Undergrad: 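I am attaching a structure below and will ask some questions about it afterwards.
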Protein chains: 2
Amino acid sequence: MTDTMQQLLRYANTLTDLKNTIALLQWDQETYIPEQAHQERGEQLSTLNTIYHRQQTASELGELLKRAQQVLNDQSSDKDKALVRVMVRAYDQATKLPTEFVAEYSRLLSQAHVAWVAARSQNKFELFAPHLEKVFNMNKQSADYYGYKDHPYDALLDLYEEGLTTKQVTEMFAQLREQLVPIVAQASQNWTRQLELTTPFQKDLQVLASKAALRAIGYDFNRGREDASAHPFTTALGANDRRVTNRYANDLSFIFSALHEGGHALYEQGISADLARTPLSEGVSLGIHESQSRFWENMIGRNQQLWQSREFVDIIKMFPEQLGALTSQDFYQIINQVKPSLIRVEADEVTYNLHILIRFEIEKAVIEGTLSVNDIPSTWNQKYKQYLGVDVPSDAQGCLQDIHWSGGMIGYFPTYTLGNLGSAQIWDTYKQKDPDYQETIRSGNTKKILNWLTANIYQHGAIYTPSELMQKATNQPLNPAHYLNYLQQKFL
Amino acid sequence: MTDTMQQLLRYANTLTDLKNTIALLQWDQETYIPEQAHQERGEQLSTLNTIYHRQQTASELGELLKRAQQVLNDQSSDKDKALVRVMVRAYDQATKLPTEFVAEYSRLLSQAHVAWVAARSQNKFELFAPHLEKVFNMNKQSADYYGYKDHPYDALLDLYEEGLTTKQVTEMFAQLREQLVPIVAQASQNWTRQLELTTPFQKDLQVLASKAALRAIGYDFNRGREDASAHPFTTALGANDRRVTNRYANDLSFIFSALHEGGHALYEQGISADLARTPLSEGVSLGIHESQSRFWENMIGRNQQLWQSREFVDIIKMFPEQLGALTSQDFYQIINQVKPSLIRVEADEVTYNLHILIRFEIEKAVIEGTLSVNDIPSTWNQKYKQYLGVDVPSDAQGCLQDIHWSGGMIGYFPTYTLGNLGSAQIWDTYKQKDPDYQETIRSGNTKKILNWLTANIYQHGAIYTPSELMQKATNQPLNPAHYLNYLQQKFL
């Protein structure tokens, strides 16, 4: 390795160590922090983020990256090429916005968050509207700073999913909308079974069952841990430290949260060890990451065979009073209920992407200037009626439900749908390699599936772009047909 | 406040945030880290320590401190004066050693630690001796770099206890040695009662009892928490986040560990809120810190009245099989057993300071050049026989027992004795203010004692030097007579 590449690697090590340290400050804030320490934790996070940003934007790094680009040649390893590409991308993202603009945007987001919380709790969109308008305007300005070829929204999409374009997303959702609406209408008539709860799910048993489910799918507790938090999440504190959290309500959601976060964590635990302490030791994008959380939550977790495997039968047996009377068929129907609803995060596999479609259509229209922020509520409600057949009783349960816009995350939502589509496409590819996949799952041998995913996706970390990786793993670009087929076969 | 002082305060905030973040990385490493993440945590700590060191030695800080020293005047607040003094001291300590020297010392300590572990486990002092010799030599060199008036050991003592001199420590131990040896001989004949254990102490009950003890002495769980670790410690993750840990063996030690660490934490929880995010929001020195851990562990925790208070009677009742048959007098004797022994960390109140005396005499002699490192084992063993009357069967249980020397901490041990002496002197002062102190304790009103300590010691944080603080709180300089009196009255 040349001196330049060694220097770059050391620089990457420092950035990664800082990033993992920031993740620890956040993890602790969500799990074990004492009640009165929240404010000063915010100050500590701000100090560490400032130090991180200074390192990420240092002219020293800019010059090092220029030299590294000159040093790269055809003989350079995929890892070296990727390290330079990914670090140049991060450096550009961090330096293209003027410092003044970043400071102003940061102030705006603080205010927007406060306004959003108030607007949602009082069900008054008008409290949030002026801030949201500024958020959209500043995102349009950022798009100009970042630069784009065809559409300003491209620059925003690219922040969350490298290379994704408005044209691709528009086509993807056109195909989905056309076919999903009738599937939802039919499936929601047939998949109506609900769990009737007479005895609560004890929290301590949920904790044990959640860990048992994680262990069953191959999550390595020597390189991670599971704790409780208000909202489940996965976080990277190091290459050998990928932690998940769960929340324990009085229903079955803890199992699917465990499998969802477990999917994120399996992906990260599968990244090749020689990428440790670099930005390549991460999932490559939000979309690919979500494809793995959805894969383990839905393709595996909501699969009928899984619940006949010894490991998962044992989990059911932990709750005899709640689940003991159900047949295997009952249980399968309950965990696959289809019900058009108001709230995205509670949506099932069939309806979920219509929630995203609505958000995408609105974001795109506002960025294009064909929809004003003040008209978002009426447009939102009309689309929920049109696509999902539900009446939105209040903005709090409508366009104010998600935190994303108040956090400035315009262009983020489509990655959820990319994840869903990707999960089905990868599932189809896997099934071709393992025609006995049903027996694989029923026998509890999900390790076989994990090994295939690790070899074809996980180990590569962020070496390839999301579209390159999808092509490598499935021999084709992302194609919504797989997900639509999956839904049709499963639900119709 | 002048611009200069505001700049200095902001600089102090960044340093403190970094220090607290490093403390979080270490706390997590001792409590919740996954098994395989230890090595990368070491790398993260090294990165953060490098960043901290760079901030602590930046020429920008040096210039800021010079300006601040010029800005200070008679009207400046105690806080401002102290902030400058403490930050100048830290800057000097961090910059007086040449960078090359620091790097070489750091390499030496890594090797010395490995050698010490091997030497201790194989009981071969000769494996450690060459490294220890270098450690002593480099400490002599550091003393030259730091500078000193009378004795090179002064410079080392000052690192751990600002202003402490070899002359003071020598006089202190001369007085202690003369009077302690006969007290030990007599007390160890009379205080021999041991706990006879037939049923183990259940771990989950120990955890509950430990928290109950902390709560009883006023530890605020909204501004801290208690977790399990291999060795108990207290750590500061923020002004409102002072955490303790405990370990749960099959004996009563968990109670006294809880009170010991609780004492450290009460001190830090009592520091005035307006010192937060500065180096003044810490205990002022190791000696004063230890005076508080010892105060709560011994003066309060091993006090007969405490165990008649409702809170502590309830703790005894949690262990009916282990403690139910004991009279109050039995219990008091058991928790105050006096027994000359080999191991410092297991020593009782009466014998403890003789262990420190031996280490001090050896360190001083090696620094003065009157004792060679190779002769440490024989000198050690001879002193243990002379002062404590015990035969040292092996170096592993003798001069290899402590981690301090392999960590380069020459001059650290005397602070333990300062703590013990200080605890008794502060206790005497308190008793004068509250002649009904026995009833105060028996009624469970230790809050009254905590309030006095907070008003007279804790709130000040690191504003005053250790000797100034002792003078303020007790109206006299540190004086061993209080501790010797305390032992005589309690044990003879």
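Small disclaimer: the values here were computed from a predicted structure and weren't measured. Naming convention: chains lettered A, B, ... in sequence-line order (proteins, then strands); numbering from 1 in each chain. Values below: every heavy atom of this structure, side chains too, minus hydrogens, waters and symmetry copies.
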Undergrad: Less than 4.5 Å to any heavy atom of chain A: does that hold for the side chain of B:Leu48, its backbone, both, or neither?
TA: side chain
Undergrad: So which part of B:Tyr32 gets closer than 4.5 Å to some heavy atom of chain A, the side chain, the backbone, both or neither?
TA: both
Undergrad: Please flag which part of B:Ala239 lies under 4.5 Å from any non-hydrogen atom of chain A: side chain, backbone, both or neither.
TA: both
Undergrad: At a heavy-atom separation under 4.5 Å, does B:Ile51 approach chain A through its side chain, its backbone, both, or neither?
TA: side chain
Undergrad: Does B:Arg225 come within less than 4.0 Å of A:Asp28, counting only side-chain N to carboxylate O?
TA: no
Undergrad: How far does CG of A:Asp241 sit from NE2 of B:His38, to the nearest 0.5 angstrom?
TA: 9.5 Å
Undergrad: Which value, rounded to the nearest 0.5 Å, describes the distance between A:Gln29 atom CD and B:Leu24 atom CG?
TA: 11.0 Å
Undergrad: Can you establish whether the number of heavy atoms outside A:Glu35 located under 6.0 Å from its atom CD is more than 12?
TA: no
Undergrad: Counting heavy atoms not belonging to A:Lys211, are there more than 12 under 6.0 Å from its NZ?
TA: yes
Undergrad: Quick check against the 3.5 Å criterion: does B:Glu40 have a side-chain atom that pairs as donor or acceptor with the backbone of A:Asn240?
TA: yes
Undergrad: Quick check on the interface: out of A:Arg223, A:Gln44, A:Gln55, who has the most heavy-atom pairs with chain B under 4.5 Å?
TA: A:Gln44
Undergrad: Out of B:Thr21, B:Asp17, B:Asn20, B:Leu15, which residue meets the side-chain contact (heavy atoms from CB on, under 4.5 Å) rule with A:Thr47?
TA: B:Asp17
